[in-house]
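Just below is one structure, and these are the notes that go with it.
Counting starts at 1 for both ligands and their atoms, following the listed order. Along the sequence shown, the residues carry numbers beginning at 1.
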Amino acid sequence: MSFRTLCVAAGVDGQSFPHGGKVSAFAVRSRNGGLNMELKPLQIGNLTVEYPIIQGGMGVGISRSHLAGAVSANGGLGIISTAQIGYDEPDFERNQEQANLHAIRKHLEQAKEIAGGRPVGVNIMVATKDYPSYVKAAVDAGADVIISGAGLPVRLPEYVGDSDCKIAPIVSSEKAASLMLRNWDKKYGRTADFLVIEGPEAGGHLGFKEEQLKHITTKEYEDEIKKIIETVRGYEEKYGKKIPVIIAGGIFDHEDICHALSIGADGVQIASRFVATDECDADEKYKQAYIDAKAEDVEIVMSPVGMPGRALKNAFVKLIEKKPLPVSRCFNCLEKCNPAKVPYCITKALINAVRGDIEHGLIFVGANVGRITKIVSVHDLMAELVGE
Ligand SMILES: Cc1cc2nc3c(=O)[nH]c(=O)nc-3n(C[C@H](O)[C@H](O)[C@H](O)COP(=O)(O)O)c2cc1C
């Protein structure tokens, strides 16, 4: 029996993991026992996604055309991360913005071809430099949805204009959800097409203070989710349209999905599990690091983005915990970054990782990475997640 199952069975879920995470915050195995339900399609306005499963955007380069295209082709909603997406383009060293703009179009076109006409989206972090031009490039290249977090995407409606591209903020608290929706309502007379709630077990950057991550319990976070859903329902009434709510962070299997739906969500966003797939765009060594990882190898690290992040405690993390790594050149990734002051260059660390230089790279992971044991095809993973 795993630590997680043991804790849930003993009714002590929500207690701290030794690595600073939590025992399955909200995505607990259902206590109704062996939940299995037929998943209904996710309807986002006029877009229909066969299963209510969104593959979370993963940068740098972890979810590009191959992974996102395969997820959409298999009935989920594949999401390309635009974070330094052009890292392997010939002009990246000279002009990151141009390389990224070119790569956004290229990867969206490729993913859409793989997906055979099904919707494909992008994830664009608010904290990135040149955010407006990446949003416009994604819209022009035909992104069906844009999901945006790592900051509040307050001006996103302005950047997508009157295109049919669906937009969703990522929030982690009711306060942020209220602020976002009120802002869009007042300033643009519009609301979100859907909304992603990212909980404390997610991988990558987290919308919580480091201190909060140590104390928040399952019950507290589920209550927060319910409050966010209530806020969203208010805007549904006002705008006379359905605003699907998607829950992310720590969702591992079909039962977790059923549990998320049972507490009022319309769908889930899953990222870490899609890393261990044949189609994931990262180097094989990156995927192997996921397979080898144990629960105790996971740690909360501070990122130059100014938010805590969940990552593997590898040689790189141990090094930056001891002393900062001077930044020798800047890749213009963040709106607010002072290369002279940050403990390391996040672009360099993430590019090393995606290329398979595991010991010199930052490997973001979700809290449940220790439960991933093998690399499978996206087709098989989707079949497992939908409960086939
Ligand atoms: C390797 C990795 C990279 C990520 N990169 C991004 C990103 O670029 N932008 C973003 O908004 N979220 C990012 N995330 C968060 C995911 O999109 C997702 O919401 C979260 O990891 C879900 O939790 P799970 O991994 O437990 O399923 C990343 C997560 C991982 C594991």
Q: Kindly determine whether Asn74 and His379 satisfy side-chain hydrogen bond (donor to acceptor under 3.5 Å, both in side chains), including the steps that lead there.
A: CA-CA 6 Å; Asn74 283 282; His379 174 274; 4.5 Å; no
Q: Please indicate whether Lys40 has more than 12 foreign heavy atoms, meaning atoms of other residues, nucleotides or ligands, lying under 6.0 Å from its NZ.
A: no
Q) If you take all heavy atoms of Cys345 and Phe331, which pair is closest and at what distance? A) SG-CD1, 4.0 Å
Q | Closest candidate by heavy atom, reference atom 22 (C) of ligand 1, pool Cys280, Gly249, Gly56 | A | Gly249
Q: Run the numbers for me: atoms of ligand 1, each under 4.0 Å from some heavy atom of Tyr286, listed by number.
A: 1 (C)
Q: Take Ser178 and Glu174, measure what side-chain hydrogen bond (donor to acceptor under 3.5 Å, both in side chains) needs, and give me the verdict at the end.
A: CA-CA 6 Å; Ser178 277; Glu174 197 278 331; 2.7 Å; yes
Q | Nearest heavy-atom neighbours spanning Ile44 and Leu77 | A | CD1-CD2, 4.3 Å
Q. Is it the side chain, the backbone, both or neither of Ser81 that has a heavy atom closer than 4.0 Å to ligand 1?
A. side chain
Q) Considering only protein heavy atoms, which is closest to atom 8 (O) of ligand 1, and at what distance to one decimal place? A) Gly59 N, 3.2 Å
(Q) Could you tell me, atom by atom, which parts of ligand 1 come under 4.0 Å of a heavy atom of Gln269? (A) 17 (O), 18 (C), 19 (O)
Q: From atom 15 (C) of ligand 1, work out which of Gly204, Gly203, Ala282 has a heavy atom at the shortest distance.
A: Gly203
(Q) Could you identify the single nearest non-hydrogen protein atom to atom 27 (O) of ligand 1 and state the distance to 0.1 Å? (A) Ala271 N, 2.9 Å
Q. Any heavy atom of Ile270 sitting closer than 4.0 Å to ligand 1?
A. yes
**Q.** His66, NE2 atom: more than 12 neighbouring heavy atoms under 6.0 Å
**A.** no
Q | Closest protein heavy atom (residue, atom, distance) for atom 25 (O) of ligand 1 | A | Ser272 OG, 2.6 Å
Q: Note the single closest protein heavy atom to atom 19 (O) of ligand 1, along with its residue, its atom name and the distance in Å.
A: Glu198 OE2, 2.6 Å
(Q) For atom 31 (C) of ligand 1, what's the nearest protein heavy-atom neighbour? Residue, atom name and distance, please. (A) Tyr290 OH, 3.4 Å
Q) Can Glu211 and Lys214 be counted as an ion pair, charged N to O under 4.0 angstrom? A) yes
Q: Tell me, please, which residues at least two apart from Ile320 pass side chain to side chain contact (heavy atoms under 4.5 Å, CB included).
A: Phe316, Leu325, Tyr344
Q. Within 45° of the ring axis of Tyr239 and under 6.0 Å from its six-membered ring centre, is that where the NZ or CZ of Arg190 lies?
A. no
Q. Which pair of heavy atoms, one from Ile79 and one from Asn123, lies closest together, and at what distance?
A. CG2-N, 3.5 Å
Q: Return the residue, atom name and 0.1 Å-rounded distance of the protein heavy atom closest to atom 13 (C) of ligand 1.
A: Gly57 O, 3.1 Å
Q) Taking N or O atoms only and a 3.5 Å limit, does Gly250 qualify as a polar contact for ligand 1? A) yes
Q. Hey, is the main chain of Val120 close enough, under 3.5 Å, to the side chain of Asp144 for a donor-acceptor pair?
A. yes
Q: List the closest protein heavy-atom neighbour of atom 30 (C) of ligand 1: residue, atom name, distance to the nearest 0.1 Å.
A: Met58 CG, 3.7 Å
**Q.** Location of contacts on His205 toward ligand 1, heavy atoms closer than 4.0 Å
**A.** neither
(Q) Please work out, at 4.0 Å between heavy atoms, whether the side chain, the backbone, both, or neither of Arg273 comes within that distance of ligand 1. (A) neither
Q | Structural part of Val60 in contact with ligand 1, heavy atom criterion under 4.0 angstrom | A | neither
Q) In the protein, what heavy atom is nearest to atom 11 (O) of ligand 1, and what distance, to one decimal place, separates them? A) Asn123 ND2, 2.9 Å
Q: Grab the two heavy atoms, one from Ser172 and one from Glu198, that are nearest each other, plus how far apart they are.
A: OG-O, 2.8 Å
Q.
Suppose I only count heavy atoms of Ile170 and a 4.0 Å limit; which atoms of ligand 1 are within that range?
A. 11 (O)
